[in-house]
Amino acid sequence: MTVIDPETQAGWVPETESEDDVEEMPLSLRLSIADTLTLGNATCGFMAVYFTTTGILIPHLSGSQETGMARHSAATAVILMLLAAIFDLCDGLVARKLRSSPMGAELDNLSDLISFGLAPAYFVLVYGMVADDAHQRVAAVAAITVLLAVVLRLARFSCVTMKDGMFQGMPSPFGALTVVSIVLLELPFVPTLLAVIGVAWLMVSRVEYPKPRGILAVAMLSWIIGAMGLLAAWAFDAPGGQMLLQTGCALQIVLAATIPLFATARRVNTFRDNRREARAAQLP
């Protein structure tokens with residue numbers, strides 16, 4: 001049946017796609033190389049949840065002899081999050097060098113939500129269920145706090161325009177790695193939860209963080225690869241592996257704590273310089 005628009009008197013009939021339209025995929029639906037890397041990010045985040053469940057949670061619920069955080073599965077889950085961070089770093093670099101599809105930004109946010117929101121939040125939740133001195137409900141609140149912080153941070157990233165080369169709030173990959181580092185340190189329950197909530201606050205704060213470009217991107221990539229090596233040494237019980245892992249986790253936490261201090265000092269210095277320039281301009 002033909003429907004007539006009363007304003008335009010134009011006939012409307014159901015659209016019929018030609019063979020050329022069916023065969024030719026719209027440009028907006030074509031995946032670029034950068035998008036493929038982004039999907040690798042999402043896959044790593046999902047597999048991190050998988051290994052956390054099958055290697056840590058299920059053995060604990062089934063009464064396995066192995067207590068606490070199962071070493072191999074915990075290491076595998078965190079290594080997958082680190083690999084997701086590498087994919088996240090590389091997809092931006094590839095997108096700037098080559099091109100990204102119109103779906104690139106949306107795919108990136110959705111993948112980051114899985115790998116750096118759901119995966120670390122679930123890691124915190126499982127920690128609260130298997131650790132000897134943990135409280136499951138309190139850990140669940142902390143896990144939800146991490147997840148919502150990443151959701152809010154990614155939503156704000158899509159809406160707020162920052163000056164070139166800077167992020168507002170701790171980037172979600174850096175925040176996720178800091179959260180799992182806090183858990184892997186195996187500190188007492190209360191300090192662990194307070195530190196996790198502090199990281200969640202930093203992700204939604206207005207503290208500026210530099211974007212990983214150039215030398216900083218190389219340094220970050222080197223740091224991630226080194227962290228993978230530390231986790232592997234810990235998983236296979238290498239000599240000094242526990243000490244190496246704790247040192248790496250402590251360094252990650254120190255970086256998370258000191259970068260905001262440098263950013264705050266830089267903003268204070270910039271404010272002072274602007275005031276001096278304004279006063280100098282007012283002098284005759």
Side-chain angles (χ1 to χ4, degrees), residues 44-82 84-85 114-150 170 172-203 227-228 230-238 240-257:
C44 289
F46 173 79
M47 292 305 297
V49 173
Y50 168 79
F51 277 101
T52 304
T53 302
T54 58
I56 302 174
L57 180 60
I58 292 178
H60 173 75
L61 295 177
S62 61
S64 174
Q65 295 297 324
E66 187 174 11
T67 59
M69 302 293 282
R71 179 171 296 189
H72 288 83
S73 297
T76 302
V78 179
I79 286 174
L80 284 165
M81 293 184 215
L82 289 166
I114 296 172
S115 298
F116 312 124
L118 175 62
Y122 187 70
F123 198 78
V124 172
L125 177 64
V126 172
Y127 156 75
M129 298 177 69
V130 304
D132 294 333
D133 63 338
H135 301 278
Q136 181 177 338
R137 293 183 179 179
V138 180
V141 173
I144 292 172
T145 302
V146 172
L147 179 63
L148 294 182
V150 175
M170 180 184 288
S172 53
F174 194 80
L177 299 182
T178 306
V179 166
V180 296
S181 295
I182 293 169
V183 174
L184 290 175
L185 272 180
E186 299 184 16
L187 299 172
F189 179 73
V190 173
T192 297
L193 268 293
L194 291 176
V196 166
I197 293 174
V199 174
W201 176 81
L202 283 174
M203 284 194 280
M228 287 182 173
L230 295 178
L231 284 163
W234 174 67
F236 291 101
D237 202 17
Q242 181 73 24
M243 181 63 68
L244 289 173
L245 178 69
Q246 291 179 346
T247 302
C249 291
L251 286 175
Q252 175 72 31
I253 297 170
V254 169
L255 285 174

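When reading the values below, keep in mind they use all heavy atoms of this one structure, side chains included, and skip hydrogens, waters and symmetry mates.
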Which atom of Ala142 lies closest to which atom of Val124, heavy atoms considered: CB-CG1, 4.3 Å

Ignoring hydrogens, what is the shortest heavy-atom contact between Ala84 and Cys44? Give both atom names and the distance. CB-CB, 3.8 Å

Can you name the salt bridge (Lys or Arg N to Asp or Glu O under 4.0 Å) partners of Asp237, sequence neighbours left out? Arg71

Atom CG of Leu57 and atom CZ of Phe123: how far apart are they, to the nearest 0.5 Å? 12.0 Å

Would a 4.5 Å heavy-atom cut-off, applied to side chains only, mark Phe174 and Leu255 as touching? yes

Rounding to 0.5 Å, atoms OG1 (Thr192) and CG (Leu184) come to a distance of 10.5 Å

Rounded to the nearest 0.5 Å, how far apart are CD of Gln252 and OG1 of Thr178? 4.0 Å

Give the minimum heavy-atom separation between Met203 and Gly175, together with the two atoms involved. SD-CA, 4.0 Å

What is the distance from atom CD1 of Ile114 to atom CE of Met47, rounded to the nearest 0.5 Å? 13.0 Å

If you look at every heavy atom in Ala149 and Ala200, which pair is closest and at what distance? CB-O, 3.5 Å

Flag the pair Phe51 / Leu80 as yes when at least one side-chain heavy-atom distance between them is below 4.5 Å, and no otherwise. yes

Evaluate the side-chain contact (heavy atoms from CB on, under 4.5 Å) criterion for residues Thr53 and Tyr122: first the C-alpha distance (whole Å), next the side-chain angles of each, then the deciding distance (0.1 Å), finally the verdict. CA-CA 9 Å; Thr53 302; Tyr122 187 70; 2.7 Å; yes

Heavy-atom pair of closest approach, residues Ser172 and Val150: CB-CG1, 4.1 Å

Between Ala119 and Val49 the two heavy atoms that sit nearest each other are CA-CG2, 3.9 Å

To the nearest 0.5 Å, tell me how far Cys249 SG sits from Leu187 CG. 9.5 Å

Would you check if the side chain of His72 reaches a backbone N or O of Phe236 as a donor-acceptor pair within less than 3.5 Å? no

Is there side-chain contact between Ile253 and Leu185, with at least one heavy-atom pair below 4.5 Å? yes

Checking Phe189 now: which residues fulfil ring pair (Phe, Tyr, Trp, His ring centres under 6.0 Å) with it, not counting sequence neighbours? His135

So, taking the atom named OG in Ser181 and the one named CG in Leu251, what distance separates them when rounded to the nearest 0.5 Å? 9.5 Å

Should Val146 and Val199 count as side-chain neighbours, where that means a heavy-atom distance under 4.5 Å? no

Between Leu231 and Leu82, does a side-chain contact (heavy atoms from CB on, under 4.5 Å) hold up when you go through it step by step? CA-CA 10 Å; Leu231 284 163; Leu82 289 166; 3.5 Å; yes

